[in-house]
Structures are given as C-alpha cells and as structure tokens.
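Step one of this worksheet: look at the structure below.
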Amino acid sequence: MFDFSDADLRRSYWHTSSHILAHAVKRLYSDVKLGIGPAIEQGFYYDFDRNEPFSSDELKDIEKEMKKIIKAKIPLERFELDRDAARRYMMEREEPYKVELIDDLPADAVISFYRQDDFTDLCSGPHLEHTGQVKAVKLTQSAGAYWRGSEKNKMLQRIYGISFPDKEQLKDWLEKQEEARRRDHNKLGRELGFFTTTEYIGQGLPIMLPKGARVLQILQRFVEDEEEKRGYLLTKTPLMAKSDLYKISGHWQHYRDGMFIMGDPDKADTEDVLALRPMTCPFQFQAYLLKTRSYRDLPIRYNETSTLFRNESSGEMHGLIRLRQFTISEGHIVCTPDQLEGEFRGSLDLARFMLETIGLHDDVSYRFSRWDPQNRDKYIGDPAQWDAAQSTMQGILDHMELEYTVADGEAAFYGPKLDIQIRNVFGKEDTLITVQIDFQLADRFGMTYTDRNGEKQAPFIIHRTSIGCYERTLALLIEKYAGALPLWMAPEQARILPISERHLDAANQLAQQLRQAGLRVSVDGRDEKIGKKIREAQMEKLQYMLIIGDQEIEAGTVAVRSRRDGDLGAVVIADMIARLQQEVATRQL
RNA sequence: GCCGCUGUGGCUCAGAGGUAGAGCAAUUCACUCGUAAUGAAUAGGUCGUGAGUUCGAUUCUCACCAGCGGCUCCA
C-alpha cells in the first residue's frame with residue numbers, strides 16, 4: 001500500500017500516471033508528438049502536439065486505454081544514453097520536442113529514459129515499479145498550453161488528470177472538488193448578492209451590490225482607522241494623469257500595455273495624453289515633492305484607498321480576483337536608509353494584523369520576489385542597484401524569522417517584493433498583499449531630504465498594501481467562510497422574523513432599537529410561515545435570526561436562533577444587543 | 001491575447017429545423033401560522049447579440065459579447 005501523505009511518493013505516483021496517459025494517447029493517436037508530462041500539486045498533466053484539441057469523448061477513450069495499461073502491470077525500466085545516442089533515439093522516434101529538451105540539458109546531465117512496453121519517455125524519474133500500481137485514475141480536463149510556457153511558441157494540447165491508490169480516495173477528492181465549487185466566491189458571491197457583472201459594462205468590471213459594497217465599506221473604515229493609528233497620512237489623488245507623469249516613473253516604458261490610455265499614445269510627445277492610473281505611487285510622490293523635506297520629517301507614511309485601472313488581457317479576468325478596476329489599500333513610506341528596516345517590519349506587522357483580524361493569516365505563505373537578470377528589459381535600474389536592493393531586503397528578512405520561498409522574475413519593475421500569497425478554494429495561488437522596497441523611483445522623481453549635515457540625500461521608498469485589494473480580499477473571505485462572514489464584517493448582522501403579521505409592529509420597533517445600537521438588521525415582514533423565513537435566512541448565511549411572537553412581546557425578549565448553533569431560546573432584548581455589540585467590538589471570527 | 005467549454009423567463013435546468021416548457025422565485029387571493037419550503041390562481045421569455053444557409057432557425061454556419069476551465073501575464 002502507498003503512504004500518500006509522502007510528497008515524494010505522491011509525486012512519482014502521479015508522474016508514472018502521466019506516463020500511462022502519454023502511453024495511452026500514443027496508442028490511440030500515434031501521430032501526436034510528446035511535450036512534457038510532470039506531476040503537479042494535485043495530479044499530473046501531459047502536453048501533446050496535435051492539431052485537434054482533445055474532446056471530452058476522446059478523454060473517456062484515453063481513460064479506458066489507460067486502464068488497460070494499468071491492468072497489464074507493465075514494468076517501468078530505466079536506462080541511460082549519452083547525449084548523441086539520446087538525441088538519435090528521439091530523432092528516430094520523431095519526437096522533436098524531446099530532441100529540443102535533450103539539447104537544452106546541461107553538459108554534465110545524466111540523460112535517462114523510462115520504458116514501459118513500447119512506450120519510452122525522456123525522464124529523470126523516479127517512478128513506480130509497474131503501471132499496475134496506479135489504481136484509480138481520472139482525466140479531469142483538456143486545455144491549451146504554450147510549449148515551454150511561452151506565448152511565442154506553439155500551443156500544445158494539455159490533458160490534466162488525477163490518480164489515487166484506491167477508488168475511495170478518488171471519490172473523496174472528487175467530493176472535495178464539489179465542495180470547493182460550492183464555496184467558489186464567483187458563484188456564491190453572485191448567488192448571495194455580493195456582486196454581479198453585466199455584458200453592457202464589460203469584463204473585469206463588477207458591480208458591487210449593496211451587500212458587497214457594505215462589506216467593502218466595513219473593511220475600508222477598519223483599514224483607514226488602523227492606519228491612522230499607525231501614523232499614516234491619508235491622501236486622495238487623481239485617478240488619471242498625463243503621460244508626463246508615467247514617463248518619469250517608468251510606467252510609460254515598462255507598464256504601458258497594462259494601462260488604459262485616453263487618446264493616441266503616439267502623440268504623447270506633442271500633446272497631452274491622459275491615462276488612468278495603474279498604481280498610486282507617482283501621485284503620492286507628487287505630494288512629497290511639494291516642499292523640501294528634512295530628515296526630521298521622515299518617515300512619511302502615505303496611505304490611500306486607491307482605485308486602480310489595469311488593462312488585463314481578455315482571458316485573464318476572474319470573479320473578484322482579477323479585475324480591470326479595483327480598489328487597493330495602497331500606501332508609500334518615504335524614509336531614510338536607517339529607518340528602512342523598521343518601516344519594513346512595521347508594514348509587515350500591519351499586514352499581519354489585518355490578516356489575523358479577518359481570519360486569513362493561517363492560510364497565507366510568504367514569497368520573496370526577485371528580478372530576473374536574464375530579462376533586463378522588464379525592469380528599470382542596473383544590476384548593481386538590484387543586487388543592493390535585494391540584499392538589503394534579504395538582510396531584513398533574515399532578521400525576521402520568516403519562512404518564505406524565493407521566486408525569481410516576480411519582482412515589480414522598480415524593485416523586489418515580499419508577497420503574501422494565498423490559495424483560493426481550488427488551490428490556485430494569488431498575491432493578496434505585497435510590501436516592496438524601491439530604490440529607484442525617488443531618484444527618478446528627484447525626491448530628496450536634507451540630512452543633519454545639510455546635504456541632500458535620496459530616501460528609500462516602501463510600497464505596501466495593508467489588507468490588499470479589497471475586491472480580492474472579499475473573494476477570499478467569501479470562500480473562507482462559505483459566504484457566512486463573521487459578524488463584524490457581515491453586511492446584515494441579524495434578521496428579525498415576526499411569527500405572524502400582527503407581530504410586525506413589534507418587529508419594526510425592535511429593528512429600530514437594534515439600529516440605534518449600531519447593528520445592521522432587517523425585518524422579514526412577509527406573510528410567510530416562520531419555517532420558511534428561517535430557511536431563507538439560513539440560506540442567505542445570516543448569523544442571527546431574532547424571532548418575535550406573542551410570548552416574546554409579552555416577556556420583552558426575542559427568541560434567538562444562531563446560524564451555527566440553532567435555537568438558543570429566549571433572550572432579554574438588552575442582553576441580546578449587548579451580546580451582538582460585544583461580538584462585533586471584539587471582531588470575533 | 002491564445003486553446004477549449006458554456007449562454008433558454010430573477011434562479012436551477014428540460015427541449016427540438018416548423019417561432020417554447022418544469023421546479024423555485026415574483027404577483028394576487030386564502031390561511032395568521034413557533035424554529036430549514038402552506039395552498040390555489042396569475043403573470044413573465046423577440047431562447048446572449050448580429051449576420052448567413054433555409055420556404056422557415058432559438059435549434060445548422062460564421063462573427064462578436066459575456067461566463068467558466070486552462071496557458072501567458074498579474075494585486
């Protein structure tokens with residue numbers, strides 16, 4: 001039996017599964033060319049060069065063929081060839097992509113192959129002993145994918161699959177996928193009325209409905225208040241600017257494809273061309289530049305609830321995760337070199353506090369995003385500056401006992417980042433929060449401060465967000481809580497349910513009382529049975545239902561029902577108000 | 001932007017080359033109800049948009065728009 005909790009074993013299990021997939025495809029469609037077929041976090045895939053995409057019927061046929069290969073318990077044999085022999089071997093088999101891979105292997109690489117019956121693949125392994133060890137297998141989808149991940153290359157046909165040592169585990173996995181679909185913010189968020197989209201407005205441009213807009217307001221107030229406590233100065237800067245601004249910042253050269261430009265960008269040198277802002281940094285820098293600054297003024301911490309516009313390409317938008325217009329808790333700290341580490345820690349501490357308060361901190365991971373020296377065009381500045389900034393950041397991180405991964409090529413165009421990553425309900429990772437060190441834009445904008453010797457110095461700048469992009473954060477919250485947001489964030493905190501129409505007046509009075517106490521409540525005054533009102537409130541993920549009928553009016557109480565714990569019995573109104581207020585004030589999760 | 005799938009009343013979904021149905025929701029009426037769906041009646045759709053094929057298209061073809069899953073890119 002297999003210990004599937006062992007990541008290495010899982011990897012070879014899925015890797016062998018991908019060989020079985022390729023074997024089956026080769027048997028059924030001998031003219032396809034092999035790409036690559038690795039194990040991934042959840043399962044495996046294999047890329048094939050074929051003119052036609054694989055239809056879902058074809059996937060079923062392939063799955064059947066895989067089962068035959070599994071049943072035959074074919075052993076996997078490893079063998080090695082030297083470079084020339086390996087190359088000839090794949091040339092003879094007419095596998096141009098494999099030849100390309102062999103050519104790109106480092107000079108000292110051991111070139112190994114795995115053979116199962118008439119199918120052989122270039123592969124470093126390791127693998128299972130024989131194909132019969134793969135038990136339950138399912139092909140989940142087919143999709144296009146560029147060869148070697150570059151859009152300049154041909155698009156191959158990728159088949160994704162999953163496999164397990166027994167059918168039960170496969171069934172469990174499929175059920176978990178089903179549960180994930182139910183929590184998917186893009187479905188649940190629409191169903192619950194947090195947001196919608198319409199084709200008249202366009203892709204990536206959601207309408208925040210009253211419930212969603214309320215949550216964003218709650219979060220925004222929370223963030224702005226907390227930042228004020230931490231010494232931030234709130235700005236409100238324009239949503240657009242002339243190209244002149246972006247030319248200084250480098251956006252015009254390095255970010256133009258991501259910007260909405262009004263007018264003809266080619267005329268930007270001779271006339272005013274405005275563009276919507278993709279970032280707030282250059283705008284807040286203008287505020288800094290208003291007057292000469294002393295080291296005594298620093299650090300200056302600007303924050304802004306900032307609407308941004310990025311022209312994402314059409315296939316990129318997704319729910320509230322990837323948008324063309326979004327709102328970010330964006331801020332920039334201008335500081336002296338010796339303040340840098342403290343300010344960096346402060347930014348991270350704020351982000352961590354936000355994540356803990358909304359209950360997402362246990363779900364995030366940290367990523368140190370560096371530049372890609374092979375791709376200089378993407379960045380401003382020279383290698384020496386990048387090395388300096390990255391080692392500065394490295395040094396700070398090393399002092400912090402922070403667990404993080406390193407990702408080369410993920411830096412911003414102006415500097416390295418510490419990204420706080422989170423996975424959505426389907427396991428797909430996105431950046432929720434980012435803290436960046438920028439050593440270039442201050443210079444470009446001529447931002448300086450006067451040091452104690454009266455000399456002009458270049459400050460450091462930290463670009464940071466505290467709670468991230470509000471829409472994206474809301475998406476993650478909806479998924480985390482399956483739509484039932486903790487009371488302090490809930491758009492509707494309690495719903496009052498009168499037993500019958502003659503209790504409506506008392507219900508409205510109670511609602512007034514609760515609103516006076518600062519609680520967000522509504523009354524379900526419809527002429528429906530109590531069971532139905534409860535059912536609907538329950539499905540709308542209301543945390544509290546307050547039921548009021550003859551007994552309660554008589555006694556000055558409400559019958560409380562909690563979404564999670566069911567009927568809690570009668571509670572004196574004043575006590576209930578205090579209890580709700582307490583739960584909100586402590587931001588209980 | 002690229003590859004694929006999808007698009008029928010507010011929602012979930014049937015259906016078929018001869019201009020459409022079900023359940024829930026809505027509205028009205030009756031019931032005045034005690035912890036997850038009261039009953040009856042009524043109304044509601046140029047079948048995403050545009051063009052083409054056809055005697056005729058919502059059904060076939062193409063383009064576009066939007067949603068979804070990937071790839072590339074990214075908060």
Side-chain angles (χ1 to χ4, degrees), chain A residues 45 47 50 52-56 140-160 181 184 186-187 190-191 193 196-205 255 257-258 278-279 306 308 310-323 326-330 369 378 409-410 412 417 419-422 426 428-434 436 463 465 467-473 475 497-504 526-539 545 547-552 559-563 566-570:
Chain A
Y45 68 78
D47 287 343
R50 183 185 190 231
E52 298 294 304
F54 291 99
S55 69
S56 52
T140 49
Q141 61 173 324
S142 69
Y146 298 109
W147 167 241
R148 302 195 124 182
S150 168
E151 63 184 333
K152 292 185 188 83
N153 292 338
K154 183 166 184 188
M155 179 160 276
L156 307 182
Q157 302 302 328
R158 176 172 297 179
I159 297 177
Y160 285 91
R181 263 188 284 280
D184 177 8
N186 202 10
K187 188 159 197 306
R190 289 172 195 272
E191 279 169 10
T196 189
T197 49
T198 85
E199 59 182 299
Y200 298 104
I201 294 177
Q203 280 190 300
L205 300 167
Y255 207 85
D257 287 348
M279 300 179 193
S306 194
L308 302 182
R310 296 188 187 176
N311 192 6
E312 302 288 348
S313 29
S314 62
E316 307 297 350
M317 269 69 75
H318 169 69
L320 294 180
I321 298 271
R322 281 290 286 280
L323 302 173
F326 56 95
T327 314
I328 191 166
S329 55
E330 195 177 22
S369 297
K378 275 175 73 178
E410 296 288 339
K417 311 191 286 175
D419 292 323
I420 305 184
Q421 302 293 107
I422 191 158
F426 295 112
K428 187 167 176 165
E429 189 179 279
D430 271 300
T431 301
L432 191 60
I433 286 175
T434 175
Q436 309 165 356
H463 302 238
T465 165
I467 205 170
C469 157
Y470 285 93
E471 294 86 350
R472 181 176 286 188
T473 301
L497 310 180
I499 293 280
S500 77
E501 275 189 342
R502 72 169 183 278
H503 309 115
L504 191 55
R526 293 174 307 160
D527 184 13
E528 293 290 350
K529 291 179 80 170
I530 194 67
K532 180 163 186 166
K533 295 181 188 178
I534 287 169
R535 178 182 155 79
E536 289 182 9
Q538 202 68 46
M539 291 197 305
M545 287 150 264
I547 296 156
I548 185 161
D550 290 337
Q551 297 161 28
E552 290 76 17
V560 179
R561 186 187 166 97
S562 129
R563 189 188 65 84
D567 191 354
L568 301 180

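Note on naming: letters A, B, ... go to the chains in the order of the sequence lines (proteins, then strands), and numbering restarts at 1 for each one.
Using a 4.0 Å heavy-atom distance criterion, A/S314 is classed as a base contact. Among the heavy atoms of the strands lying under 4.0 Å from A/Y160 are primed sugar atoms or P, OP1, OP2 only; no base atom is included. In this structure, A/R158 reaches the sugar-phosphate backbone alone: every heavy-atom distance under 4.0 Å involves primed, P, OP1 or OP2 atoms, never a base. Residue-level contact check: A/R50 touches neither bases nor backbone, having no heavy atom under 4.0 Å from any strand. Using a 4.0 Å heavy-atom criterion, one finds that A/G409 contacts no nucleic acid atom at all.
With A/D567 contributing its side chain and A/G569 its backbone, the two residues share a donor-acceptor pair below 3.5 Å. A distance-only check finds a donor-acceptor pair linking the side chain of A/S142 to the backbone of A/F54 [under 3.5 Å]. Judged by distance alone, the side chain of A/Q203 and the main-chain N or O of A/S314 form a donor-acceptor pair under 3.5 Å.
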- line: Protein-proximity profile, nucleotides 3-15 of chain B, B/S/- by nucleotide at the 4.0 Å heavy-atom cutoff, equals BS-----------
task: Would you give a per-nucleotide map of nucleotides 28-39 of chain B, 5' to 3', where B means the base has a protein non-hydrogen atom under 4.0 Å away, S means only the sugar-phosphate does, and - means neither?
output: ---BBBBBBBB-
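When only modelled atom types and interatomic distance are considered, A/T465 and A/E330 share no side-chain donor-acceptor pair under 3.5 Å. Donor-acceptor pairing under 3.5 Å is recorded for the side chains of A/T197 and A/R190. A side-chain donor from one of A/Y160 and A/R158 sits under 3.5 Å from a side-chain acceptor of the other.
Summarising the geometry, the separation between CG on A/D257 and P on B/C2 is reported as 15 Å, rounded to the nearest angstrom. Spacing between atom CE of A/M317 and atom P of B/G67 amounts to 7 Å, rounded to whole angstrom units. When rounded to the nearest whole Å, the span between CD of A/Q436 and P of B/A75 equals 7 Å. Atom-to-atom, CD of A/E316 to P of B/G1 comes out at 10 Å; the value is rounded to the nearest Å. In this structure, the CD1 atom of A/I321 is 16 Å from the C1' atom of B/C73, given to the nearest Å. Between A/R322 atom CZ and B/G67 atom P the separation is 14 Å, expressed in whole Å. As rounded to whole Å, 15 Å separates atom P of B/A75 from atom CG of A/N311. For the pair A/R190 CZ and B/A66 P, the computed distance is 13 Å after rounding to whole Å.
A donor and an acceptor atom sit less than 3.5 Å apart, one in the side chain of A/E312 and one in the base of B/A75. Side-chain to base pairing of A/Y146 with B/G1: one donor and one acceptor N or O lie within less than 3.5 Å of each other.
Of all heavy-atom pairs between A/Y146 and A/N153, the closest is CD2-O, 3.6 Å. Here the shortest heavy-atom pairing between A/I328 and A/Y470 reads C-CE1, 4.1 Å. Nearest heavy-atom pair, A/K187 versus A/R181, reported as atom, atom and distance to 0.1 Å: CD-O, 4.1 Å.
Pair assignment for B/G21 gives B/C13, based on Watson-Crick or G-U wobble hydrogen-bonding distances that are each under 3.5 Å. When both distances must be under 3.5 Å, the Watson-Crick or G-U wobble mate of B/C29 is B/G39. Across the strands present, B/G4 finds its partner in B/C68; the criterion is a Watson-Crick or G-U wobble pair with both atom distances under 3.5 angstrom. Pairing partner, B/C73: none, since no Watson-Crick or wobble contact has both distances short of 3.5 Å. Nucleotide B/U53 has no partner under the Watson-Crick or G-U criteria, as no pair reaches both atom distances under 3.5 Å.
Rounded to whole Å, the C1' atom of B/G67 lies 23 Å from the corresponding atom of B/A51. Distance check on atom P: B/G7 versus B/A36 gives 37 Å, rounded to whole Å. Across B/A41 and B/G48, the matching C1' atoms stand 33 Å from one another, rounded to whole Å. Comparing the P positions of B/C31 and B/U46 gives an interatomic distance of 37 Å, to the nearest angstrom. Atom P of B/A22 sits at a distance of 12 Å from the matching atom of B/U42, rounded to the whole Å. Taking atom C1' on both nucleotides, B/G21 is separated from B/U61 by 27 Å, rounded to a whole Å. When the P atom is used for both B/A16 and B/C73, the distance is 44 Å, rounded to whole Å. Annotation: B/G70 and B/U53 have their C1' atoms spaced 34 Å apart (nearest Å).
Checking the phosphate oxygens (OP1, OP2) of B/U72, no side-chain nitrogen or oxygen of A/R148 falls inside 4.0 Å. In terms of phosphate contacts, A/H318 brings a side-chain nitrogen or oxygen within less than 4.0 Å of OP1 or OP2 of B/G69.
Across the interface with RNA chain B, nearest-nucleotide mapping of A/Q421 and A/Q203 shows A/Q203 to be the residue nearer the 5′ end. Place A/Y200 and A/I433 on RNA chain B by their nearest nucleotides, and A/Y200 ends up nearer the 5' end.
Applying the side chain to side chain contact (heavy atoms under 4.5 Å, CB included) test to A/S313 and every residue at least two apart in sequence or in another chain returns A/E316.
Between A/R322 and A/D430 there is no salt bridge, since none of the side-chain N atoms of the basic residue sits less than 4.0 Å from a carboxylate O of the acidic one.
Note: A/T431 OG1 to A/R472 CZ = 6.5 Å, rounded to the nearest 0.5 Å.
Stacking between A/F326 and B/A75 is present: the aromatic ring centre lies within less than 5.5 angstrom of the base six-membered ring centre, and the two planes differ by under 30 degrees.
Ranking B/C73, B/A75, B/G70 by closeness to the A/K417 side chain, first place goes to B/A75.
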